[in-house]
Asker: 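Structure incoming, see below.
Note that the structure is a prediction, hence the values are computed from the model and not measured.
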Amino acid sequence: MYMVYWTIVDEDRCTPHEKLFETTEMVGAMQFMEELRKRQREGEGVRFVTMCSEHPDLVGNPGVDVTGPDYNWKKRRR
């Protein structure tokens, strides 16, 4: 899934917005972001346009996870 975030700045007021796109809609999310950026270039108060993703079928926990006692990773240096 993809989430597009942006803020509308009107004088001293900032209003955050978001729009959800399904996992199969990455192109649509990017096109929507480009529409927002076009509005920004035309002088509208659109700011902080960004996108993040999270796969709904993710295996494991996002972020740092706990390792077991048998975990022995080492960085190899040459």
Asker: To the nearest 0.5 Å, tell me how far His17 NE2 sits from Thr7 OG1.
Answerer: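 Here the rounded value is 7.5 Å.
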Asker: Under 4.5 Å between any side-chain heavy atoms of Met1 and Leu20, yes or no?
Answerer: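 With C-beta onward as the side chain, the pair touches.
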Asker: What pairs of donor and acceptor atoms, side-chain ones from residues 29-56 against any protein atom, are under 3.5 angstrom apart with sequence neighbours left out?
Answerer:
unit_1	atom_1	unit_2	atom_2	d
Glu34	OE2	Arg41	NH1	3.3
Glu34	OE2	Arg41	NH2	2.8
Arg39	NE	Glu44	OE1	3.1
Arg39	NH2	Glu44	OE1	3.1
Gln40	NE2	Val46	O	2.9
Arg47	NH1	Glu44	O	3.4
His55	ND1	Asp57	N	3.0

Asker: Rounded to the nearest 0.5 Å, what's the gap from OG1 on Thr15 to CH2 on Trp6? Could you check?
Answerer: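 So the gap between those two atoms works out to 11.5 Å.
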Asker: Enumerate the residue pairs fulfilling salt bridge (Lys or Arg N to Asp or Glu O under 4.0 Å) with a member in residues 16-32, sequence neighbours excluded, ordered by first and then second residue.
Answerer: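 For residues 16-32, and leaving out neighbouring residues, there are no salt bridge (Lys or Arg N to Asp or Glu O under 4.0 Å) pairs at all.
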Asker: Can you get from Phe21 to Met3 by hopping between Ile, Leu, Val, Met, Phe, Trp and Tyr side chains that sit under 4.5 Å apart?
Answerer: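 Phe21 does not cluster with Met3.
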